[in-house]
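One structure below.
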Amino acid sequence: MIAQFLRSSKPFYASRLSRVGQSCYSTAPSKPSLQHVAQLRKLTEVSISKAREALSQTNNDVQQALEWVKNDLAASGIKKAANVQSREAREGLVSVCILSGGSRGKAALGSGGIRAAMVELNCETDFVGRNTLFGQLAADIAHTAAFITEPTDSSTIIRSCSLDILNDAPLISQNDPSTHSSSTVSSSIRDLIAKVGEKVSLKRVVTVVQNPFVGQSPNLGLRLASYLHGSAGSAPQGRIGSLAVLALQSPELARRLESETFVKDLERLERALARQIAGFDTRSIKSSDGDETALYNQPFMMLGGESANEPVRMAIENWSKRQGLVQDGEGGIEVLEFAKWNVGDIVG
């Protein structure tokens with residue numbers, strides 16, 4: 001009788017013991033904590049669901065989750081990039097990075113190198129173009145291009161940068177340049193594609209790298225001017241961008257550049273020139289036939305005041321005289337080169 005009862009009860013005890021064993025010895029990962037999810041999202045900018053998945057897959061180990069996210073973004077980015085490759089990307093940003101703006105102060109005895117870059121990063125919609133991640137990537141790419149470019153013997157100062165070389169370069173953060181990155185420019189673009197789900201492409205890049213004229217021309221200095229229109233924030237990026245190289249020549253140059261008042265006036269002039277280039281249909285610097293697509297023939301409306309009714313050439317000549325740069329008819333300021341871009345321009 002008792003044996004029969006035990007035989008009939010065996011499944012009950014077996015099931016109870018099985019459940020107890022599972023609760024005591026289960027290796028299933030615990031639910032990711034909000035703190036770990038927040039930490040991972042701060043480090044990677046992935047979604048909440050992706051952060052939870054990464055932590056669940058790595059038993060809540062943040063370092064392993066970072067590696068998991070990196071591999072997942074690479075795989076999904078490559079797949080999404082292939083899927084969106086045929087789409088048109090005409091929105092985006094122009095971003096400028098100036099690492100060295102040129103002659104200033106006691107370092108300006110005809111010296112003062114310039115180093116900068118301007119990039120256009122495209123996407124499909126204006127919504128993504130205003131995304132913080134998109135803007136940061138554009139800024140980082142501009143910083144990388146300005147940082148890695150070496151001086152050359154080219155006849156021009158503003159030069160196109162090879163997209164192949166730049167895409168293979170390690171991405172250098174604008175906010176923290178000392179941080180080592182294992183991501184390249186191209187892999188960072190793929191990662192962003194995985195996050196935003198749109199085509200993102202690097203359209204064009206120019207760089208400006210010119211070493212100081214040490215011992216060559218003691219009365220000559222170079223300066224950079226830039227302006228960006230249509231920016232959503234305070235970052236140096238927008239939908240229209242201009243970058244110009246200016247030359248200053250005067251026996252008084254070094255002394256004038258030590259004056260804070262002069263430098264502020266010079267910076268105001270530089271900004272006005274860059275705005276003029278961006279705001280008008282500017283296609284060249286000089287023209288002998290009065291063509292107003294030439295910068296020097298345009299009324300200098302961006303400087304304002306009495307200069308608003310003067311052609312740019314006359315306005316900067318008068319400014320140079322007032323500032324004491326012209327001595328015995330020699331000296332002054334010249335715009336040597338410029339680049340002007342609108343987002344979505346058709347590039348031949």
Side-chain angles (χ1 to χ4, degrees), residues 94 96 98 101-104 108 110 112-114 116 118 154-159 206 208 210 213 216-229 240-257 259 261-342 345:
V94 174
V96 171
I98 297 179
S103 303
R104 178 168 182 168
I114 51 177
M118 182 163 71
S154 173
S155 59
T156 60
I157 301 175
I158 300 178
R159 298 182 288 270
V206 292
V208 179
Q210 179 65 54
F213 299 129
Q216 299 178 28
S217 184
N219 298 330
L220 178 66
L222 295 177
R223 297 274 297 188
L224 286 174
S226 69
Y227 178 75
L228 291 125
H229 177 75
I240 303 174
S242 65
L243 182 64
V245 179
L246 280 61
L248 290 76
Q249 187 171 18
S250 173
E252 296 292 312
L253 180 60
R255 186 178 65 82
R256 300 299 294 136
L257 285 169
S259 165
T261 301
F262 173 80
V263 170
K264 287 181 180 179
D265 287 343
L266 176 60
E267 288 173 347
R268 177 171 171 265
L269 176 68
E270 290 167 347
R271 179 175 172 81
L273 284 167
R275 288 184 66 196
Q276 184 83 19
I277 292 168
F280 281 66
D281 182 19
T282 310
R283 304 180 188 181
S284 63
I285 298 173
K286 302 175 183 178
S287 174
S288 59
D289 59 3
D291 180 7
E292 287 200 356
T293 64
L295 174 67
Y296 279 5
N297 294 339
Q298 298 168 0
F300 204 172
M301 297 182 66
M302 295 303 176
L303 185 60
E306 296 179 359
S307 301
N309 297 318
E310 297 177 340
V312 171
R313 172 184 278 282
M314 183 181 297
I316 61 177
E317 286 178 355
N318 291 336
W319 186 93
S320 298
K321 292 175 182 177
R322 290 195 302 269
Q323 295 292 340
L325 293 180
V326 180
Q327 300 287 325
D328 299 324
E330 297 293 330
I333 296 179
E334 285 284 343
V335 178
L336 299 182
E337 298 178 20
F338 74 85
K340 173 190 174 181
W341 293 349
N342 289 266
D345 279 344

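Just so it is clear, the structure is predicted and the values come from calculations on it, not from any experiment.
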Taking all heavy atoms of [X] and all of [Y], pick out the closest pair and write down the distance.
X: Arg223; Y: Leu248; value: CG-CD1, 3.4 Å
X: Asp291; Y: Asn297; value: O-ND2, 3.0 Å
X: Arg256; Y: Gln323; value: NE-O, 2.8 Å
X: Phe300; Y: Ala315; value: CD1-CB, 3.5 Å
X: Lys340; Y: Asp281; value: NZ-CA, 4.0 Å
X: Ala278; Y: Ser242; value: CB-OG, 4.0 Å

Euclidean distance, [Y] [atom2] relative to [X] [atom1], rounded to 0.5 Å:
X: Leu273; Y: Leu269; atom1: CG; atom2: CG; value: 4.5 Å
X: Arg322; Y: Asp265; atom1: CZ; atom2: CG; value: 9.0 Å
X: Leu295; Y: Ser284; atom1: CG; atom2: OG; value: 8.0 Å

Should [X] and [Y] count as side-chain neighbours, where that means a heavy-atom distance under 4.5 Å?
X: Ser226; Y: Arg271; answer: no
X: Arg275; Y: Leu303; answer: no
X: Tyr227; Y: Ile240; answer: no
X: Phe280; Y: Thr293; answer: no

Please determine if Lys321 and Glu317 form a salt bridge, counting it only when a charged side-chain N lies under 4.0 Å from a carboxylate O. no
For Glu337, is there an ion pair with Arg159 - N to carboxylate O distance below 4.0 angstrom? no
Check against side chain to side chain contact (heavy atoms under 4.5 Å, CB included), Leu266 and Ile333: CA-CA 10 Å; Leu266 176 60; Ile333 296 179; 4.0 Å; yes
Could you give me the CA-CA distance, side-chain angles and deciding distance for Glu310 and Met301, then say whether side chain to side chain contact (heavy atoms under 4.5 Å, CB included) is met? CA-CA 8 Å; Glu310 297 177 340; Met301 297 182 66; over 6 Å; no
Asp328 atom CG, over 12 foreign heavy atoms within 6.0 Å: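 No, because the 6.0 Å sphere around CG of Asp328 holds 12 heavy atoms or fewer from other groups.
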Short side-chain to backbone donor-acceptor contact, [X] and [Y], under 3.5 Å:
X: Ser320; Y: Ile316; value: yes
X: Ser250; Y: Leu325; value: yes
X: Asp345; Y: Asn342; value: yes
X: Tyr296; Y: Val335; value: yes

Thr282 and Gln298: side chain donor to acceptor below 3.5 Å: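 Judged by distance alone, the side chains do pair up.
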Does the side chain of Glu252 come under 3.5 Å of the side chain of Gln327 through a donor N or O and an acceptor N or O? no
Looking at Leu222, Thr156, Ile158, Leu246, which one forms a side chain to side chain contact (heavy atoms under 4.5 Å, CB included) with Leu336? Leu222
Give a yes or no on whether the ring-centroid distance for Phe262 and Trp319 is below 6.0 angstrom. yes
